[in-house]
Enquirer: 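Let me begin by handing over the structure; questions about it come next.
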Amino acid sequence: MKNIPSKVNHLAFKKICCIPFILIVLNFSAFAQQGSPKYNSFTPGEKWLDTEGVHIDSHGGNIMYVEHQKTYYWYGERRGEPRGASCYSSKDLYNWKNEGTVLEKGAIKVFERPKVIYDKIKKQYIMWFHYDGFLDGKNYRIAELGVAVSKKPTGPFIIKDHYRPNGNESRDIGMYIDPETQKAYIGYAAGHINKTIRMVELSKDYQSTTMNDVDIDAHCEGPGILKKNGIYYLLTSECSGWTPNQGTYYTASNIMGPYKNQGNPFIGDVGNNSFNSQPCYIFKIPGYKDAYLYMGDRWNGRASPESEYVFLPITITSEGNMEIHWHKEWDLSLFTPEK
């Protein structure tokens with residue numbers, strides 16, 4: 001038998017060794033594709049991955065639509081590293097690209113519930129959030145509103161100030177901008193033990209609070225606000241830490257109140273726990289008639305990067321009642337497109 005030169009043997013060996021490597025690469029590529037699914041619906045409470053196949057880490061925040069970009073931006077608390085405010089972008093509300101941490105909390109002890117609004121006049125993005133930490137040896141005692149500004153929706157956001165609005169303690173916050181007047185408001189849990197919710201109007205540039213600040217007498221957290229037919233609906237949770245509880249909604253003909261308790265809007269909520277979630281925001285989806293999106297967090301007893309989300313449609317009935325029904329899976333076809 002003819003001897004094969006050693007150089008040829010070496011080349012053959014390299015080719016053979018490359019085969020497992022190629023298979024590994026192909027398998028990894030297939031796995032990556034499987035880990036980055038293309039969504040076409042919402043599945044409340046289920047694992048929700050970004051376009052890179054990583055669990056979406058954006059809690060207690062809000063969604064904003066930037067008209068001139070035709071893009072949605074979802075802001076929230078990033079519980080993974082680096083901690084702070086996360087941002088994700090999407091064209092369809094189902095599939096989200098991670099835009100990174102747009103504000104790092106740094107030395108801030110407690111950074112929670114960021115809400116972002118766009119100032120069309122100055123073309124700036126304004127972020128408000130719960131700023132807190134230790135005071136007199138106890139945590140959650142600073143109880144302030146923080147505000148940060150950016151020229152781009154993807155940051156970076158630069159902190160401009162933090163303070164107690166009109167001297168009131170402030171913790172969980174919600175935000176609402178009136179589409180008719182372009183005035184913006186923050187509902188914030190106030191008092192030493194979140195005894196009440198206050199509503200404060202923001203300045204025209206959205207970068208400071210005004211003296212228009214009232215107590216609306218609702219012992220609750222996680223406020224979300226919508227307006228329909230001249231009536232304001234305020235959705236809240238009770239105060240039970242990371243444990244979900246029964247939701248309550250209030251109505252008023254003026255955003256500053258007075259508000260009337262209308263009871264639990266979660267229909268068929270057998271666990272009396274808001275479908276195992278806590279509200280953080282109500283998003284009016286553009287392009288659809290009366291398309292209100294309930295944004296809720298499923299903390300699972302603690303706040304972690306893997307905490308899930310409960311997104312559900314909100315219905316305002318012909319009688320003016322707010323109703324939130326459970327859907328294991330649903331999509332935007334539930335809403336009527338605007339003509």
Side-chain angles (χ1 to χ4, degrees), residues 36 38-39 42 47-106 108 110-120 122-131 145-160 162 172-177 184 186 202 206-207 222 224 279-286 293-299 303-311:
S36 305
K38 178 72 174 178
Y39 296 104
F42 300 103
K47 182 183 292 186
W48 200 351
L49 306 180
D50 65 21
T51 54
E52 297 299 319
V54 179
H55 189 93
I56 295 173
D57 188 2
S58 192
H59 315 277
N62 78 316
I63 291 175
M64 176 183 66
Y65 183 67
V66 178
E67 175 66 34
H68 64 271
Q69 295 183 358
K70 306 297 181 186
T71 302
Y72 300 96
Y73 291 94
W74 178 3
Y75 301 91
E77 304 163 30
R78 187 177 298 282
R79 290 284 169 169
E81 297 297 333
R83 298 283 295 275
S86 58
C87 175
Y88 291 79
S89 63
S90 174
K91 296 294 185 179
D92 59 10
L93 286 175
Y94 307 127
N95 300 278
W96 295 90
K97 176 186 175 184
N98 185 1
E99 300 288 355
T101 301
V102 295
L103 187 157
E104 293 192 22
K105 62 178 285 189
I108 301 173
V110 175
F111 175 93
E112 293 180 333
R113 295 188 175 264
K115 303 290 187 289
V116 177
I117 189 171
Y118 180 57
D119 177 4
K120 297 179 181 178
K122 295 184 178 180
K123 294 180 171 32
Q124 295 185 111
Y125 299 85
I126 319 299
M127 177 186 293
W128 286 88
F129 57 93
H130 172 207
Y131 179 106
L145 279 174
V147 60
V149 179
S150 174
K151 287 292 186 180
K152 300 188 299 182
T154 54
F157 284 80
I158 307 301
I159 296 177
K160 294 296 183 181
H162 56 90
D172 276 18
I173 71 168
M175 179 181 281
Y176 176 75
I177 180 168
I186 289 179
L202 297 183
Y206 308 144
Q207 293 190 43
C280 67
Y281 193 70
I282 296 174
F283 177 55
K284 173 66 170 64
I285 304 173
L293 177 66
Y294 166 76
M295 295 176 61
D297 291 286
R298 182 167 287 181
W299 300 116
S304 74
E306 292 77 28
S307 294
E308 297 96 359
Y309 310 94
V310 175
F311 282 18

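All heavy atoms count here, side chains included; hydrogens, waters and symmetry mates do not.
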Enquirer: How long is the span from the OG1 atom in Thr71 to the CG atom in Asp92, to the nearest 0.5 Å?
Expert: 10.5 Å
Enquirer: If you look at every heavy atom in Pro279 and Tyr294, which pair is closest and at what distance?
Expert: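 Shortest heavy-atom separation between Pro279 and Tyr294 comes out as N-OH, 3.3 Å.
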Enquirer: Quick one: does any side-chain atom of Thr101 pair with a main-chain N or O of Pro82 as donor and acceptor, under 3.5 Å?
Expert: yes
Enquirer: Considering only heavy atoms from C-beta outward, does the side chain of Ile173 approach that of Leu145 to under 4.5 Å?
Expert: yes
Enquirer: Could you go through Leu93 and Ile285, starting from their C-alpha distance and side-chain angles, then the distance that decides it, and tell me whether this counts as side-chain contact (heavy atoms from CB on, under 4.5 Å)?
Expert: CA-CA 9 Å; Leu93 286 175; Ile285 304 173; 3.9 Å; yes
Enquirer: Rounded to the nearest 0.5 Å, what's the gap from NE2 on His68 to NZ on Lys120? Could you check?
Expert: 11.0 Å
Enquirer: Could you give me the CA-CA distance, side-chain angles and deciding distance for Gln124 and Lys151, then say whether side-chain contact (heavy atoms from CB on, under 4.5 Å) is met?
Expert: CA-CA 5 Å; Gln124 295 185 111; Lys151 287 292 186 180; 3.8 Å; yes
Enquirer: Sequence neighbours left out, what passes side chain to side chain contact (heavy atoms under 4.5 Å, CB included) with Thr51? Give chain and number order.
Expert: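 So Thr51 forms a side chain to side chain contact (heavy atoms under 4.5 Å, CB included) with Lys97.
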Enquirer: Answer whether the closest heavy-atom distance between the side chains of Leu202 and Ile126 falls below 4.5 Å.
Expert: no
Enquirer: Which pair of non-hydrogen atoms, one from Tyr131 and one from Gly146, has the smallest distance, and what is that distance?
Expert: CB-N, 4.1 Å
Enquirer: With Tyr94, which of Phe42, Tyr39, Trp74, Phe311 fulfils ring-ring contact (aromatic ring centres under 6.0 Å, His included)?
Expert: Phe42
Enquirer: Under a 3.5 Å distance rule, please check whether His59 uses its side chain to pair with a backbone N or O of Arg298 as donor and acceptor.
Expert: no
Enquirer: I need the minimum non-hydrogen distance between Ser304 and Arg79, along with the two atoms involved.
Expert: C-CB, 3.7 Å
Enquirer: Quick one: does any side-chain atom of Lys47 pair with a main-chain N or O of Glu308 as donor and acceptor, under 3.5 Å?
Expert: no
Enquirer: For Cys280 and Gly61, which heavy atoms make the closest approach, and how far apart are they?
Expert: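 Answer, listing the atom of Cys280 first, then Gly61: SG-O, 3.6 Å.
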Enquirer: With no hydrogens and no angle check, is any side-chain donor or acceptor of Asn62 less than 3.5 Å from a backbone partner on Phe283?
Expert: no
Enquirer: Quick one: which of Glu77, His162, Glu112 gives a side chain to side chain donor-acceptor pair (under 3.5 Å) with His130?
Expert: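 Filter result, single survivor: Glu112.
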Enquirer: Might you confirm whether atom NZ of Lys91 has over 12 heavy atoms from other residues, nucleotides or ligands at distances under 6.0 Å?
Expert: yes
Enquirer: side-chain contact (heavy atoms from CB on, under 4.5 Å), that's the test. Do Asp297 and Tyr309 meet it? Break it down for me.
Expert: CA-CA 5 Å; Asp297 291 286; Tyr309 310 94; 3.8 Å; yes
Enquirer: Evaluate the criterion side-chain hydrogen bond (donor to acceptor under 3.5 Å, both in side chains) for residue pair Ser58 and Ser86; output intermediate values, then yes/no.
Expert: CA-CA 6 Å; Ser58 192; Ser86 58; 3.2 Å; yes
Enquirer: Between Asp50 (side chain) and Glu52 (backbone), is there a donor-acceptor pair under 3.5 Å?
Expert: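 Present.
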Enquirer: Stepwise, does the side-chain contact (heavy atoms from CB on, under 4.5 Å) test hold for Asn95 with Lys38?
Expert: CA-CA 7 Å; Asn95 300 278; Lys38 178 72 174 178; 3.8 Å; yes
Enquirer: Please give me the minimum heavy-atom distance between Gly60 and Trp299, naming the atom from each residue.
Expert: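 Residues Gly60 and Trp299, closest heavy atoms: N-CH2, 4.2 Å.
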Enquirer: Kindly state whether the ring of Phe129 and the ring of Phe111 have centres lying under 6.0 angstrom apart.
Expert: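 Centroid separation for Phe129 and Phe111: below 6.0 Å.
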Enquirer: Just verifying a value: how many Å separate Tyr281 OH and Met175 CE, rounded to the nearest 0.5 Å?
Expert: 7.5 Å
Enquirer: Any chance the rings of Tyr88 and Trp48 have centres within less than 6.0 Å?
Expert: no
Enquirer: Quick check for you: to the nearest 0.5 Å, what is the distance between Ile56 atom CD1 and Ser307 atom OG?
Expert: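 Answer rounded to 0.5 Å: 13.0 Å.
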Enquirer: Any non-hydrogen side-chain atom of Val102 less than 4.5 Å from a side-chain atom of Met127?
Expert: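 They are in contact (side-chain heavy atoms under 4.5 Å apart), so the answer is yes.
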Enquirer: Is there a donor-acceptor contact under 3.5 Å from the side chain of Asp57 to the main chain of Arg78?
Expert: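 No, because the side chain of Asp57 does not come within donor-acceptor range (under 3.5 Å) of the backbone of Arg78.
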Enquirer: Can you tell if the side chain of Tyr125 reaches within under 4.5 Å of the side chain of Tyr73, non-hydrogen atoms only?
Expert: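 Heavy-atom side-chain distance check fails, nothing below 4.5 Å.
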Enquirer: What's the separation between atom NZ in Lys115 and atom OH in Tyr176, rounded to the nearest 0.5 Å?
Expert: 16.0 Å
Enquirer: So, Trp128 side chain and Tyr206 main chain: donor-acceptor pair closer than 3.5 Å or not?
Expert: yes
Enquirer: Between Tyr75 (side chain only) and Pro153 (backbone N and O only), is there a donor and an acceptor less than 3.5 Å apart?
Expert: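 Pair found, side chain donor or acceptor close to backbone of Pro153.
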